[in-house]
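Everything below concerns the one structure shown next.
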There are 2 protein chains.
Amino acid sequence: MNRGPDGKRRSVTIHDVAREAGVSRGTVSRVLNGGHYVSPAAQTAVNNAIRRTGYVVNRHARSLITGRSDSVAFLLTEPQERFFEDPNFNVLLRSCTQALASQDIPLLLMIAGSEDERRRNLRYIQAGHVDGVLLVSSHSGDPVAGELQAAGVPVVACGKPLGQQARIGYVAADDREGARDMVRYLHASGRRRIATVSGPPDTPGGVERLAGYRETLAECGLPADDLLIATGDYSRASGEQAAELLLRRAPDIDAVFVASDLMAQGVLDALARAGRRVPEDIAVGGFDDSPAAVSTRPALTTIRQPWDRISKEMVRMLLARIGGEEPAALILPTELVRRDSA
Amino acid sequence: MNRGPDGKRRSVTIHDVAREAGVSRGTVSRVLNGGHYVSPAAQTAVNNAIRRTGYVVNRHARSLITGRSDSVAFLLTEPQERFFEDPNFNVLLRSCTQALASQDIPLLLMIAGSEDERRRNLRYIQAGHVDGVLLVSSHSGDPVAGELQAAGVPVVACGKPLGQQARIGYVAADDREGARDMVRYLHASGRRRIATVSGPPDTPGGVERLAGYRETLAECGLPADDLLIATGDYSRASGEQAAELLLRRAPDIDAVFVASDLMAQGVLDALARAGRRVPEDIAVGGFDDSPAAVSTRPALTTIRQPWDRISKEMVRMLLARIGGEEPAALILPTELVRRDSA
DNA sequence: CTGAAAGCGCTTACAG
DNA sequence: CTGAAAGCGCTTACAG
């Protein structure tokens, strides 16, 4: 954008570049779009002209004709306020932004906290203002994924969208295997009464991590015991309550696998209040490796979710879908991070 | 977006609406843009036609002609990784998104972590792809505000941009008065050896909160003593180190005003390790009222920054600037939140 | 390989 | 108050 003689913004257009380079506007456009069917001489002339004039393509004009917006939405559906305060979310949003930026694709941030906002955002997306959607739903049963898919909008979800008919592409950490790793580790370090605090049963993490816990107990020859299982809602307070419940029902536990670091913080609080030492009396294992994990005392042994990679793969998959590829599910391995709590 | 007979996306255009309503495209456009100079009858006909056809305006076509993009950037310049993990940032980003969404203005999230990204984002913005910028810089001395301003792009910053020639609009909490409130409160509750952990001297919070501390000490007739002042970088670890330093230099302190909740967490850690009881031996006051404030033990007495209102006002001010209004500085009052640490 | 031309969907003076 | 027309800046067949 420059200033014209009238003082108003006047951008240099493809026309100016064409004149400067001594070619037609069509040729400039061809150079801009990959340089196919353009002679080396014309290439050079145009590129020089672009440099000299400081030309930048007008995306609106381009989008008007191509029908693509060359932008992508990051849609956060958030029945629970809490979700936004989840440090994991930060990492995700940031990595997605950067992965997209490296391809010069802007990210539109959309938050659907209320039904009203959900509808507004849906309308916006369906109007074709973005080429695709990175979907982050805290809970499943969220119809938005299906609605977008039905509208023909490419979608990639973070985590497996539960209860969806449509085959939606998604990227997720291997929740089940992560849980298994942690429980195996607790068992290997000599624990025999291993309890768990699971997440909500309508979330993939709630389901899969619990399943991993159960399977590993069985593999280790430890008896299944429902008294050892408490359920939280991923909040710190719910972790606290779950631990109290566990302590009442099974005072002899010597380990707890907690399905999120935030809940593990609550567990640590409850344990401290009950006078149990961690890890001496009771080992505590978390899940996520969120920033919370290093701020607890003792620091949390946990399972790392590869957020950075998840984001990159989500972006890659979405771009592929926009390019016409079919949906896929990508499961990424987790990693056990040993610190002090187990 | 509908599907045309060829299976390709085909949107209903202003043309379809015009035909359906029995008016010209110009009239439809006038209805769309406020309904001036349109007869009530035409109004109704067009509105009905819009409803029937499911018409949604093509923003690219509109932008091409108006020269506006009807979108706004949220630019985060982030020399320090840490900043993104600041819970305050979440609240800010979220409120801005929602304030904008209520006016149907999408927010483009841009992160400038490296010099390279800074340049890329600057170029994008200068190309006129957004109408204005909400600027969130963790540190001052950041040239980006001036550069944007110079390019004629409306900018509103979060917090006072230090060391800027240009008169840039900004919204900020009243750092100085907030600090004064806290120190007055500590003094009123009987403390007489009040130390402080200040923020970096190149941030407005670092400067202003320290100034407020100093002023209030003087007002209360307490002697100025540089041994009572330690400086951190807003990180938890720096709070810990600062507290250790303070304890060494002035073991008789009975209160600490800490310029951020995150640093206050570190102070609490150090105090606990030193065997000092909070608040019995030493009262601790924070700043921010971030989520961290309720998760500490004891819970933090602190100064609330009105993030929600800051965001709303930033959006309002940016929209006003885009509309041609001159820059302004808006200072919002803070609030003392009493909990257990002081 | 290249130019002339049509056209994307809208807004906005310009007449009436 | 309303319609016909020009034009925003670009891409893309279409001829050559």
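Every chain is numbered from 1, with letters handed out A, B, ... down the list of sequences.
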Point to revise | Nearest-nucleotide comparison on DNA chain D, the residue closer to the 5′ end among B/Gly22 and A/Arg68 | key: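 Here B/Gly22 is the residue nearer the 5' end.
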In whole Å, I'd like the distance from the [atom1] atom of [X] to the [atom2] atom of [N].
X	N	atom1	atom2	result
B/Ile65	D/dG7	CD1	P	11 Å
A/His129	C/dC10	NE2	P	10 Å
B/Ile14	C/dT11	CD1	C1'	8 Å
B/Arg25	D/dA4	CZ	P	10 Å
A/His36	C/dT2	NE2	C1'	16 Å
A/Asn33	C/dT2	CG	P	15 Å
A/Arg62	D/dC8	CZ	P	19 Å
B/His60	C/dG7	NE2	C1'	17 Å

Point to revise | Qualifying residue for side chain to side chain contact (heavy atoms under 4.5 Å, CB included) with A/Val133, from A/Leu75, A/Val156, A/Val72 | key: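 The side chain to side chain contact (heavy atoms under 4.5 Å, CB included) with A/Val133 is passed solely by A/Leu75 among A/Leu75, A/Val156, A/Val72.
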**Study point:** Result of checking A/Leu92, A/Leu76, A/Leu135 against A/Cys158 for side chain to side chain contact (heavy atoms under 4.5 Å, CB included)
**Key:**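 Answer after filtering A/Leu92, A/Leu76, A/Leu135: A/Leu92.
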Review point. When the nearest nucleotide of DNA chain C is assigned to B/Thr66 and to A/Gln43 on a heavy-atom basis, which residue is associated with the more 5' position?
Key: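 This one resolves to A/Gln43.
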Of the nucleotides [options], which has the atom closest to the [X] side chain?
X	options	answer
B/Ser24	D/dT12, D/dG3, C/dT11	D/dG3
A/Asn58	C/dG3, C/dT11, D/dG9	D/dG9
B/Val38	D/dC10, C/dC10, D/dT2	D/dT2
B/Ala61	D/dG3, C/dC10, D/dT11	C/dC10
A/Leu64	C/dC10, C/dG9, D/dC10	C/dG9

Review point. After noting the C-alpha distance and the side-chain angles of B/Lys312 and B/Arg316, does the key distance pass the side-chain contact (heavy atoms from CB on, under 4.5 Å) rule?
Key: CA-CA 6 Å; B/Lys312 281 195 183 58; B/Arg316 187 208 308 281; 5.6 Å; no
Any side-chain heavy-atom pair of [X] and [Y] under 4.5 Å:
X	Y	answer
A/Leu32	A/Ile50	yes
A/Phe74	B/Leu109	no
A/Pro161	A/Tyr170	yes

Point to revise | Residues that A/Tyr124 engages under ring pair (Phe, Tyr, Trp, His ring centres under 6.0 Å), provided they are two or more places apart | key: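 Here the qualifying residues are A/His129.
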Applying a 4.0 Å non-hydrogen cut-off, can you work out what [X] is touching in the nucleic acid: base, sugar-phosphate, or nothing?
X	result
B/Ser39	sugar-phosphate
B/Ser29	base
A/Val57	sugar-phosphate

Review point. Would you call B/Arg118-B/Glu147 a salt bridge at under 4.0 Å N-O?
Key: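 Counted as a salt bridge, because a side-chain N and a carboxylate O are separated by less than 4.0 Å.
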Review point. Are B/Glu117 and B/Arg120 within salt-bridge range, i.e. N to O under 4.0 Å?
Key: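 No salt bridge links B/Glu117 with B/Arg120.
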Check your understanding: OP1 or OP2 of C/dG3 less than 4.0 angstrom from a side-chain nitrogen or oxygen of A/Thr27, does that happen here?
Key ->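 A/Thr27 to C/dG3 OP1/OP2: side-chain N or O found under 4.0 Å.
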Check your understanding: Under 4.0 Å: is that the gap between some side-chain N or O of B/Tyr37 and OP1 or OP2 of C/dT11?
Key ->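 No, B/Tyr37 has no side-chain N/O under 4.0 Å of OP1/OP2 on C/dT11.
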Check your understanding: In dot-bracket notation, what is the pairing pattern of DNA chain D, taking Watson-Crick (N1-N3 plus N6-O4 or O6-N4) and G-U wobble (N1-O2 and O6-N3) contacts under 3.5 Å, with [ ] crossing and | for other strands?
Key -> |||.||||||||.|||
Short N/O separations, protein against nucleotides 13-15 of chain C, under 3.5 angstrom:
| from | atom 1 | to | atom 2 | distance (Å) |
| --- | --- | --- | --- | --- |
| C/dA13 | N6 | B/Arg30 | NH2 | 3.3 |

Practice item. Could you measure between the two C1' atoms, the one in C/dT12 and the one in C/dG16, and give it in whole Å? Key: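 Roughly 16 Å separates the two C1' atoms.
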Practice item. Could you tell me the separation between the CG atom of B/Leu100 and the CG atom of B/Leu107, rounded to the nearest 0.5 Å? Key: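 Separation between the atoms: 5.5 Å.
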Exercise for review: Take B/Ile310 and B/Met314, measure what side-chain contact (heavy atoms from CB on, under 4.5 Å) needs, and give me the verdict at the end.
Suggested key: CA-CA 6 Å; B/Ile310 290 176; B/Met314 282 179 72; 4.0 Å; yes
